[in-house]
There are 2 protein chains.
Amino acid sequence: MSQIGYVPPTTVQRLPVYLRCLILAQSQRREVLNSAQIADMAGTNGAQVRKDLSYLGEYGVRGLGYDVDSLVAHLVRWLGLEKTRRAAIVGFGRLGSALRNYGGFQDRGISVVAVFDADPDKIGSKTGDVTIESTEHLSEAIARENVEIAMLTVPASVAEEVSAEVIAGGVKAILNFAPVHLEVPDGVVVRQADLAADLQILSFHLSEAERART
Amino acid sequence: MSQIGYVPPTTVQRLPVYLRCLILAQSQRREVLNSAQIADMAGTNGAQVRKDLSYLGEYGVRGLGYDVDSLVAHLVRWLGLEKTRRAAIVGFGRLGSALRNYGGFQDRGISVVAVFDADPDKIGSKTGDVTIESTEHLSEAIARENVEIAMLTVPASVAEEVSAEVIAGGVKAILNFAPVHLEVPDGVVVRQADLAADLQILSFHLSEAERART
DNA sequence: ATATGTGAACGTTTTCACAGCA
DNA sequence: TGCTGTGAAAACGTTCACATAT
């Protein structure tokens with residue numbers, strides 16, 4: 001039924017996880033999985049999996065489960081990964097270069113087509129088949145390369161300014177590793193990847209446990 | 001009032017953000033902030049900030065706002081960052097070494113006291129004042145160094161096994177960069193840091209916008 | 001006058017439980 | 001029989017609005 005409309009943010013967050021699990025299942029030659037099996041691999045429960053998938057359409061078969069290949073195809077489509085997404089890395093320090101060499105992207109629908117840094121010593125050198133460019137004419141270069149997603153691994157002090165430039169260049173999605181909140185116009189999505197914050201959340205749970213032990 | 005008890009997970013997630021904003025305010029010699037000003041820096045709203053902080057206690061002054069220094073002290077205490085937390089990096093590939101050299105931790109209450117890798121060529125070499133150890137006797141080394149938090153930057157195929165070993169060594173908190181769900185016993189907390197998943201979520205929003213343009 | 005702290009209202013997400021279908 | 005898809009219920013999170021304090 002259900003003409004698809006709204007997909008809740010919490011569901012969107014889980015879709016890449018389901019996709020990953022299904023691709024793993026594919027590699028194990030598993031052809032059909034039920035919601036409980038998917039949930040097991042993903043770390044949720046069957047009801048959640050079924051509700052989540054139901055926001056996208058009716059991809060299961062009652063009494064059987066989900067055909068792995070077909071569900072993978074649907075998820076890839078919903079996540080917009082049919083054509084590879086063009087991404088840029090701004091800030092080629094340690095984290096930036098780690099991202100550049102992280103295999104997990106190429107395999108999963110994202111391709112790094114441009115890399116930028118402010119350091120003149122780095123500019124002009126190559127990383128794979130991509131030449132590191134100056135941040136001087138950032139927005140023009142972003143526009144020229146048709147970059148859709150920018151990963152910002154620049155110092156916090158310049159992140160806001162860099163964000164404005166990539167947006168001026170046409171970027172509509174930003175993965176921000178700098179520990180600052182970015183203010184962006186409507187229609188631009190930001191995801192915050194703050195590793196220190198993650199560790200501090202873990203630390204909170206450690207001290208909670210310590211408090212409980214008293 | 002309120003004898004403090006439960007702090008909702010969503011609130012816990014925002015506490016490190018507030019702390020970061022307050023430390024920035026300190027460096028700007030701002031002595032008092034109200035909830036709206038904190039919210040502005042953090043990317044939320046005043047009501048949210050007040051509710052969140054109210055789960056921890058009554059740290060504000062009516063008619064005035066929050067004393068920055070004292071609120072920083074309270075947050076540091078709640079996040080368990082008074083004594084520096086001892087962390088280990090397991091897997092010294094590109095991402096692992098990027099984390100090792102990421103300045104953001106030392107400043108924010110977390111110290112990397114041990115680094116592990118399976119590659120014999122890396123074992124024995126130094127990164128700063130830490131010697132890279134073999135993953136051979138991982139759990140013993142984790143126990144010996146009193147590691148509380150483990151960052152896993154190992155291949156997905158071995159993440160579950162490595163996770164079991166660090167837990168055997170006494171680790172109660174894991175930041176997992178491997179794209180697999182880890183099954184852990186009660187009392188152990190895992191945070192998942194899946195960069196490819198973040199990018200795929202951004203890609204979903206891009207295709208949503210494309211769908212809307214039709 | 002001003003801004004916190006908080007119940008109550010509202011909105012969202014998860015879980016339940018079962019009708020509907022292979 | 002077995003498992004999906006989904007309304008309804010329960011749990012959870014956010015926003016409102018105002019009494020309360022300085």
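Treat the numbers as computed from the prediction; the structure is a model and nothing was measured. Residue numbers start from 1 in every chain, and the chains themselves are labelled A, B, ... in the order their sequence lines are given, proteins ahead of strands. When reading the values below, keep in mind they use all heavy atoms of this one structure, side chains included, and skip hydrogens, waters and symmetry mates.
- To the nearest 0.5 Å, atoms CG (A/N146) and CZ (A/R85) are separated by 12.0 Å.
- Salt bridge status for A/E148 with A/K83: present, with a side-chain N to carboxylate O gap under 4.0 Å.
- Distance from the side chain of A/N34 is smallest for D/dT4 among the nucleotides D/dT14, D/dT4, C/dT14.
- Here D/dT6 presents its C1' atom at 15 Å from CG of A/L56, a figure rounded to the nearest Å.
- Taking only side-chain atoms of B/K51, from C-beta outward, the nucleotide of D/dG13, D/dT15, C/dA19 with the closest atom is D/dT15.
- Atom-to-atom, CG of B/L53 to P of C/dT6 comes out at 11 Å; the value is rounded to the nearest Å.
- Between the base of C/dT4 and the side chain of B/R62 there is a donor-acceptor pair shorter than 3.5 Å.
- Side-chain atoms of A/Y66 and A/N34 include no donor-acceptor pair closer than 3.5 Å.
- With D/dT4, C/dT13, D/dT15 as the candidates, the nucleotide lying closest to the side chain of A/Y6 is C/dT13.
- The side chain of B/R50 lies closest to C/dT6 when the candidates are C/dT6, D/dT6, C/dT13.
- Between A/S54 and D/dT4 there is no side-chain N or O to OP1 or OP2 distance below 4.0 Å.
- For the OP1/OP2 pair of C/dT4 and a distance below 4.0 Å, the side-chain nitrogens and oxygens of B/S35 include at least one atom meeting the criterion.
- We find that CG of A/D52 is positioned 10 Å from C1' of C/dT13, with the value rounded to whole Å.
- C/dT4 atom P lies 15 Å from atom NE2 of B/H74, rounded to whole Å.
- Contact annotation: B/Q48 side-chain N/O to D/dT15 OP1/OP2 distance is under 4.0 Å.
- Under 4.0 angstrom from either OP1 or OP2 of D/dG5 there lies at least one side-chain N or O belonging to A/Y66.
- As a whole-Å value, the separation of B/L71 CG from C/dT4 P is 11 Å.
- Candidate nucleotides C/dT14, D/dT6, D/dC16 were compared by shortest atom distance to the side chain of B/A47, and D/dC16 ranks first.
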Practice prompt. I would like to know whether A/F116 and A/I142 meet side chain to side chain contact (heavy atoms under 4.5 Å, CB included); could you show each step before the answer?
Written response: CA-CA 10 Å; A/F116 300 90; A/I142 291 279; 3.9 Å; yes

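- Straight-line distance from the CG atom of B/N45 to the C1' atom of C/dA3: 15 Å, rounded to whole Å.
- Phosphate proximity of C/dT12 to A/T10: absent, as no side-chain N or O sits under 4.0 Å from OP1 or OP2.
- Atom CG in B/L33 sits roughly 14 Å away from atom C1' in C/dT4 (whole-Å rounding).
- At a threshold of 4.0 angstrom between heavy atoms, the contacts of B/T11 with the nucleic acid are absent.
- Test A/R191, A/R14, A/R108 against B/D194 for salt bridge (charged side-chain N to carboxylate O under 4.0 Å, His left out) and you get one pass: A/R108.
- When the nucleotides D/dT6, C/dT13, D/dG13 are ranked by their closest atom to the side chain of A/P9, C/dT13 comes out on top.
- In this entry the distance linking CD1 of B/I38 with C1' of C/dT4 reads 11 Å, nearest Å.
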